[in-house]
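Working notes for the structure below.
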Amino acid sequence: MPIPTPLPRIADFESLAYGMFIHWGLYSQLGKGEWIQSLEKIPFDHYNELEKTFTAEDFDARSIARLARESGMKYIVLTTRHHEGFSLYDTRGLSKHDALHTPAGRDLVAEFVSGCRAEGIVPFFYHATLDWSWQSDTCDQTKFDEYLDYLHSSVEILCKHYGPIGGFWFDGTWSRKADWKEDRLYKMIRSHQPDTIIINNTGIGSEGQLGHPEIDSVTFEQSLPHPMNREGWPKYISGEMCQTMNAHWGIGSSDFAYKSPSDIIQNLAHCRRAGANYLLNVGPTATGRIPDYETAALRRAGEWVARYSDPIYEGKPTTFACQGRDFILEANGKLYYFVFDLAISGHGNVTVSLGGTGPRPIKGLDRPIRSVRWMDNHEELKFTHNPQDGLAAIDFTGYPYGTNLVVRVAEIELH
Ligand code: GLC
């Protein structure tokens, strides 16, 4: 069965590879994650008092976009409206629960889009479909129909007033089994934004599931993507894993469970193994600043991305079998071998090293190898290969003392 060719917009999305997710809203002032209103059953009127203190005084979209760019990220998905029902954009009279009705008094989505454009970052809009302010998950059908009209008009504003948008990222359709009138919504989006990506999060427990035919990419929320077998699919659909930097999406001031640059590197590599994008979340402070730890971790991981930009952005999955978590991507006629768990050479007194060195096998490689070398120090690596039976083995040397790339990449040139 043939594998469909990706539409240009989907191919472009795949080569964005690595993006920043931003969860920011009224909940950021409470510092307990973005679900706090629902979990603590905070009455709506009481919760909305947070609008009076939402100042956005430290929100500098351009500097956030610069951080993303300098960290190797090519797109940002911003929560234009989350489940709380509060919009960061000017709803132009549709709702009074928007940033214009707070001390911020600014259209923060407009700032976001222009900050992204100035830094060459592609802006994407997250928009909730589950909206607690409408009780969209439990209300009766009449109110739900009214809600769907409101949702439609809300999204139309985003389609019409901010220029071309990289994609729309919906979330919450999992909260209610219903006819969400997706045909109508997506048709409207395509009429204004023909090249935009449409994503609708299927949520935890339903990773990688195909939804409506207009959907361009499936989601793997907090779960490492598996390679997708697209044989016989009506359309090529890409994949994306979204993941929090700690355990919440909105800032959690008592949440210390942060990912390290090492985790980020391994997760990004793992996503690319499956050809999927990695969308890594940060939760800005109440006033809109990205916290210091996140900034530092993203920058450090970004230094790794910069070293391996060719395979990370352009590498496509292959079916060659490698040991453990190792894998091979292909780009521009070359193969890139991603090595996990490699030992550090040094001295028994100072180096505690897990992992190993030495030959690692590859199965299914029938094209003759010309050379193999580490991308970082260009050291040439020995190999054995029998193209007839497709078996190769590369003799990987350990990290030189003083280095550890976490995932180290070797470039394989073929004849
Ligand atoms: C979930 C949550 C939500 C978060 C999203 C990100 O669906 O409801 O809070 O925005 O995941 O993937």
Side-chain angles (χ1 to χ4, degrees), residues 13 18-42 47 50 73 75-89 109 112 124-138 147 151 154-155 158 166-178 180 182 197-209 211 215-225 238-253 255 257 259 264 267-268 271 276-284 290 294:
F13 177 62
Y18 183 30
M20 177 190 281
F21 211 170
I22 301 180
H23 276 69
W24 186 43
L26 299 177
Y27 49 79
S28 309
Q29 296 178 68
L30 300 175
K32 295 185 195 174
E34 78 291 352
W35 266 71
I36 196 63
Q37 177 189 7
S38 164
L39 296 177
E40 286 190 359
K41 300 190 172 46
I42 306 175
Y47 185 83
L50 293 169
M73 297 164 141
Y75 65 111
I76 306 181
V77 184
L78 173 69
T79 51
T80 62
R81 179 191 297 164
H82 203 262
H83 305 324
E84 62 184 357
F86 173 75
S87 307
L88 296 181
Y89 58 99
V109 169
F112 163 69
F124 280 60
F125 292 160
Y126 168 107
H127 200 286
T129 56
L130 163 61
D131 187 328
W132 297 318
S133 69
W134 280 76
Q135 294 167 320
S136 69
D137 46 345
T138 52
Y147 169 65
L151 175 64
S154 303
V155 175
L158 291 173
F168 284 76
W169 209 105
F170 295 106
D171 180 34
T173 311
W174 38 262
S175 64
R176 180 173 181 136
K177 277 207 182 342
W180 283 84
E182 283 174 90
I197 290 290
I198 300 180
I199 294 174
N200 198 327
N201 184 20
T202 46
I204 295 173
S206 303
E207 297 86 2
Q209 289 197 4
I215 297 296
D216 296 315
S217 184
V218 292
T219 60
F220 295 86
E221 179 175 337
Q222 307 269 43
S223 150
L224 292 174
S238 59
E240 182 191 58
M241 169 171 80
C242 57
Q243 192 174 50
T244 47
M245 184 87 97
N246 48 18
H248 298 92
W249 300 89
I251 188 169
S253 29
D255 181 348
K259 296 197 173 50
I264 296 169
N267 291 337
L268 173 59
C271 286
N277 288 10
Y278 184 32
L279 181 63
L280 181 59
N281 183 72
V282 293
I290 309 283
E294 282 91 321

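Computed from a prediction, not measured in an experiment: that's the story for all the values here. Atoms within a ligand are numbered from 1 in the order they appear, just like the ligands themselves. Just the heavy atoms: all of them, side chains too, but no hydrogens, waters or symmetry mates, feed the values below.
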When you look at Glu207 and Met241, which way does the side-chain contact (heavy atoms from CB on, under 4.5 Å) test go after all the steps? CA-CA 9 Å; Glu207 297 86 2; Met241 169 171 80; over 6 Å; no

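Near His82, with a cut-off below 4.0 Å to any heavy atom, the atoms of ligand 1 are 3 (C), 4 (C), 9 (O), 10 (O). For ligand 1, the atoms lying closer than 4.0 Å to a non-hydrogen atom of Trp35 are 2 (C), 3 (C), 8 (O), 9 (O). Atoms of ligand 1 lying under 4.0 Å from any heavy atom of Asn201, numbered from 1 in the order shown and given with element: 7 (O), 11 (O), 12 (O). Shown in contact with Tyr126 at under 4.0 Å from a heavy atom are these atoms of ligand 1, numbered in order with element: 10 (O). Every atom of ligand 1 is numbered from 1 in the order shown, and the set under 4.0 Å from a heavy atom of Cys242 is 12 (O). For ligand 1 and Trp174, the ligand atoms under 4.0 Å from any heavy atom of the residue are 7 (O), 8 (O).
The shortest distance between side-chain heavy atoms of Ile215 and Phe170 does not fall below 4.5 Å. Between Gln209 and Thr202 there is a side-chain heavy-atom pair separated by less than 4.5 Å.
Counting non-hydrogen atoms of neighbouring residues, nucleotides and ligands closer than 6.0 angstrom, the CD atom of Gln222 exceeds 12 such neighbours.
Under 4.0 angstrom from ligand 1, there are no non-hydrogen atoms of Gln222.
For the pairing with Phe125, the side-chain contact (heavy atoms from CB on, under 4.5 Å) check across Tyr89, Phe168, Trp169 returns one residue only, Phe168.
In this structure, Trp174 has its ring center at least 6.0 angstrom away from the ring center of Trp180. In this structure, Phe13 has its ring center under 6.0 Å from that of Tyr75.
With hydrogens left out, the protein atom closest to atom 11 (O) of ligand 1 is Glu221 OE2, 2.8 Å, a heavy atom. When only non-hydrogen protein atoms are considered, atom 4 (C) of ligand 1 lies nearest to His23 NE2, 3.4 Å. Here the protein heavy atom with the shortest distance to atom 9 (O) of ligand 1 is Glu34 OE2, 2.6 Å. Looking from atom 7 (O) of ligand 1 to the surrounding protein, the closest heavy atom is Asp171 OD1, 2.9 Å.
Classification of the His23-Trp249 ring pair by plane angle, with boundaries at 30° and 60°, yields tilted.
At least one heavy atom of His83 sits closer than 4.0 Å to an atom of ligand 1. Remark: distances from the non-hydrogen atoms of Tyr27 to ligand 1 are all 4.0 Å or more.
One finds the CG atom of Asn201 at 4.5 Å from the CG atom of Asp171 (value rounded to the nearest 0.5 Å).
Not one N or O of Trp169 is nearer than 3.5 Å to an N or O of ligand 1, by distance alone.
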